[in-house]
Amino acid sequence: RLGQSPKELLCELKVHARLWTLDGSQPPFSSLGWDQLVPPRTLEQLYQGQDQTGIRTCAVVTSAGAILHSGLGKEIDSHDAVLRFNAAPTEGFEKDVGNKTTIRIINSQILANPKHQFKSSSLYKNVTLVAWDPAPYIVNLHKWYDSPDYNLFGPYVERRRLQPQQPFYVLHPSYVWRLWDVIQGNTQESIQPNPPSSGFIGILLMMALCEQVHVYEYIPSIRQTDLCHYYEHYYDQACTLGAYHPLLFEKSLIQRLNMGPKGDLKRKGRVTLPGLSSIDC
Ligand code: NCC
């Protein structure tokens with residue numbers, strides 16, 4: 001299995017890692033009225049055209065410091081949809097990261113930690129939001145609901161009530177672990193039993209919604225740096241290489257799937273991936 005071709009690996013992702021958000025059909029969410037609380041259309045339905053095709057071109061912009069001085073802003077904004085992470089801003093960094101945001105993936109710290117001002121910050125307005133929280137591997141939704149890593153449920157419910165028009169989803173914790181399973185299944189070593197990073201989750205999410213995905217500065221370019229994020233003065237190489245998240249293993253899996261030229265990787269930190277809908281398994 002470790003010798004899988006890119007095509008086989010893509011099929012494994014397509015079959016075993018189908019996009020899965022909470023839909024309110026499972027307890028305890030079913031008895032809490034979540035079927036009426038979650039958006040009426042699934043994420044896939046939201047972005048599927050009438051011809052049943054997804055979004056044509058998508059960009060995933062990681063928060064790595066190496067994107068500074070890339071001048072990639074215009075290129076990033078030329079995609080039909082752009083995915084960004086957590087509290088990563090565009091304001092003041094447009095030249096390097098662009099200013100279009102279609103979807104933002106946020107971990108539960110963003111919802112729970114007052115420092116992020118989830119309720120008032122413009123970062124979380126006028127975009128589709130997708131939140132997640134790391135549940136234990138053996139997923140028990142009751143236990144997770146009672147003690148999430150960071151409490152995202154209260155803020156989620158409140159936001160849905162106040163802004164019902166904003167598409168806002170919570171990933172099913174089993175989806176996150178199915179992604180982990182694919183990483184472990186394709187890695188020789190035993191990887192740490194922690195969920196993949198928001199970066200990996202976001203890449204797979206866009207592969208489910210888009211026909212083609214460009215990922216920026218996930219695999220570091222020649223600008224690789226210890227600067228953790230492009231938007232703050234904090235240096236730690238673990239941001240790029242991993243500590244809690246199995247980043248190195250996630251990244252080598254994505255690199256194996258790269259269909260773009262090597263030069264793009266070096267100069268732009270850009271990986272080109274196919275959408276999963278185009279893969280015939
Ligand atoms: O740092 P973070 O991620 O928000 O970055 C988003 C994704 O970009 C990729 N990345 C980032 C920096 C870097 N030098 N190289 C990279 O490849 C990663 O794929 C990363 O997932 C997260 O995954 O949710 C994470 O969130 C932060 C933090 O919670 C948020 O930024 C909110 O402040 C985590 N840091 C801490 O908890 C201290 C980080 O471990 C992972």
Side-chain angles (χ1 to χ4, degrees), residues 58-70 72 76 82-90 93 96-98 101 103-118 121 123-124 127 129-135 148-152 155 169-171 173 175-177 179-180 183 191-207 213-255 257-258 265 268-271 273:
C58 294
V60 173
V61 185
T62 73
S63 307
I67 206 161
L68 271 187
H69 311 300
S70 67
L72 286 166
I76 288 169
V82 178
L83 176 92
R84 301 184 194 274
F85 297 97
N86 295 320
T90 53
F93 301 96
D96 298 327
V97 306
T101 306
I103 306 180
R104 194 175 276 279
I105 295 215
I106 51 181
N107 69 39
S108 47
Q109 296 181 38
I110 298 290
L111 292 130
N113 187 333
K115 93 169 177 195
H116 292 297
Q117 305 193 297
F118 175 68
S121 166
L123 286 175
Y124 312 110
V127 295
L129 292 175
V130 179
W132 71 280
D133 177 76
D149 198 24
Y150 286 87
N151 200 339
L152 72 167
Y169 303 85
V170 177
L171 292 175
Y175 171 68
V176 174
W177 285 115
L179 297 183
W180 185 93
I183 302 166
I191 67 176
Q192 57 269 55
N194 299 323
S197 72
S198 296
F200 189 80
I201 297 170
I203 292 167
L204 269 295
L205 183 115
M206 289 313 245
M207 287 174 77
V213 181
H214 283 142
V215 183
Y216 293 92
E217 286 297 354
Y218 184 62
I219 310 298
S221 68
I222 40 166
R223 291 180 302 274
Q224 178 167 5
T225 164
D226 287 349
L227 180 65
C228 182
H229 295 130
Y230 66 81
Y231 53 87
E232 58 188 8
H233 296 280
Y234 170 67
Y235 291 80
D236 184 354
Q237 63 173 18
C239 295
T240 303
L241 304 176
Y244 171 80
H245 298 292
L247 260 186
L248 224 40
F249 307 109
E250 302 172 10
K251 292 185 180 197
S252 88
L253 192 82
I254 293 300
Q255 192 160 1
L257 297 176
N258 183 21
L265 206 70
K268 302 180 177 177
R270 185 176 96 167
V271 166
L273 303 168

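Note that the coordinates shown come from a computational prediction; the quantities given were computed from them, not determined experimentally. Read the numbers this way: they start at 1 and go in the same order the structure lists the ligands and their atoms.
- Proximity to Phe85 (heavy-atom distance under 4.0 Å) selects the following atoms of ligand 1: 6 (C).
- Judged by the 6.0 Å and 45° rule, Lys268 forms no cation-pi pair with Tyr216.
- Using a 4.0 Å cut-off to heavy atoms of Ser198, the atoms of ligand 1 that qualify are 21 (O), 22 (C), 23 (O), 24 (O).
- Minimum heavy-atom separation, Pro195 to Trp180: CA-CD1, 4.4 Å.
- The main-chain N or O of Asn151 is never found under 3.5 Å from a side-chain atom of Asp133 such that the two would form a donor-acceptor pair.
- Every atom of ligand 1 with a heavy atom of Gln109 under 4.0 Å away is listed here by number and element: 29 (O), 37 (O).
- Other residues, nucleotides and ligands contribute over 12 non-hydrogen atoms within 6.0 Å of the OH atom of Tyr244.
- Ligand 1 places these atoms under 4.0 Å from at least one heavy atom of Ser63: 5 (O), 6 (C), 8 (O).
- Among pairs with a residue in residues 225-244, none fulfils salt bridge (charged side-chain N to carboxylate O under 4.0 Å, His left out), at least two apart in sequence or across chains.
- In this structure, Arg84 contributes its side chain and Val97 its backbone to a donor-acceptor pair below 3.5 Å.
- Looking only at heavy atoms of the protein, atom 3 (O) of ligand 1 is closest to Asn86 ND2, 3.6 Å.
- Between the CD1 atom of Ile183 and the CG atom of Leu248 there is a distance of 11.5 Å, given to the nearest 0.5 Å.
- Proximity to Lys251 (heavy-atom distance under 4.0 Å) selects the following atoms of ligand 1: 15 (N), 16 (C), 17 (O).
- Remark: atom 41 (C) of ligand 1 lies closer than 4.0 Å to at least one protein heavy atom.
- Distance check for atom 34 (C) of ligand 1: every protein heavy atom is found at 4.0 Å or beyond.
- Looking only at heavy atoms of the protein, atom 15 (N) of ligand 1 is closest to Cys239 O, 3.2 Å.
- Take Ala64 and apply the side chain to side chain contact (heavy atoms under 4.5 Å, CB included) test, not counting sequence neighbours, and it matches Thr62, Glu217.
- For atom 11 (C) of ligand 1, the closest non-hydrogen atom on the protein side is Ala64 N, 4.0 Å.
- Ring pair Tyr231/His229 is parallel by interplanar angle, where below 30° counts as parallel and above 60° as perpendicular.
- To the nearest 0.5 Å, atoms CG (Leu68) and OG1 (Thr225) are separated by 8.5 Å.
- Note: no N/O pair closer than 3.5 Å links Leu247 and ligand 1 by distance alone.
- A heavy-atom separation below 4.0 Å is found between Cys228 and ligand 1.
- The CD1 atom of Ile203 sits 8.0 Å away from atom CD of Glu250, with the distance rounded to the nearest 0.5 Å.
- For atom 21 (O) of ligand 1, the nearest non-hydrogen atom of the protein is Gly199 N, 2.9 Å.
- When only non-hydrogen protein atoms are considered, atom 27 (C) of ligand 1 lies nearest to Asn107 ND2, 4.0 Å.
- Not a single N or O atom of Thr62, backbone or side chain, sits closer than 3.5 Å to an N or O atom of ligand 1.
- Glu250 does not count as a contact of ligand 1, since none of its heavy atoms falls under 4.0 Å from the ligand.
- Separation of atoms NE2 (His245) and NZ (Lys251) is listed at 11.0 Å; rounding is to 0.5 Å.
- Given atom 19 (O) of ligand 1, the protein heavy atom at minimum distance is Ser197 OG, 3.0 Å.
- Atom 2 (P) of ligand 1 has its nearest heavy-atom neighbour, among His229, Lys115, Glu217, His116, in His229.
- Heavy atoms of Tyr218 come nearer than 4.0 angstrom to ligand 1 in at least one pair.
- Classification of the Tyr124-Phe118 ring pair by plane angle, with boundaries at 30° and 60°, yields tilted.
- Of all atoms in ligand 1, numbered sequentially from 1 with element shown, those under 4.0 Å from a heavy atom of Ile110 are 32 (C).
- Note: no N/O pair closer than 3.5 Å links Trp132 and ligand 1 by distance alone.
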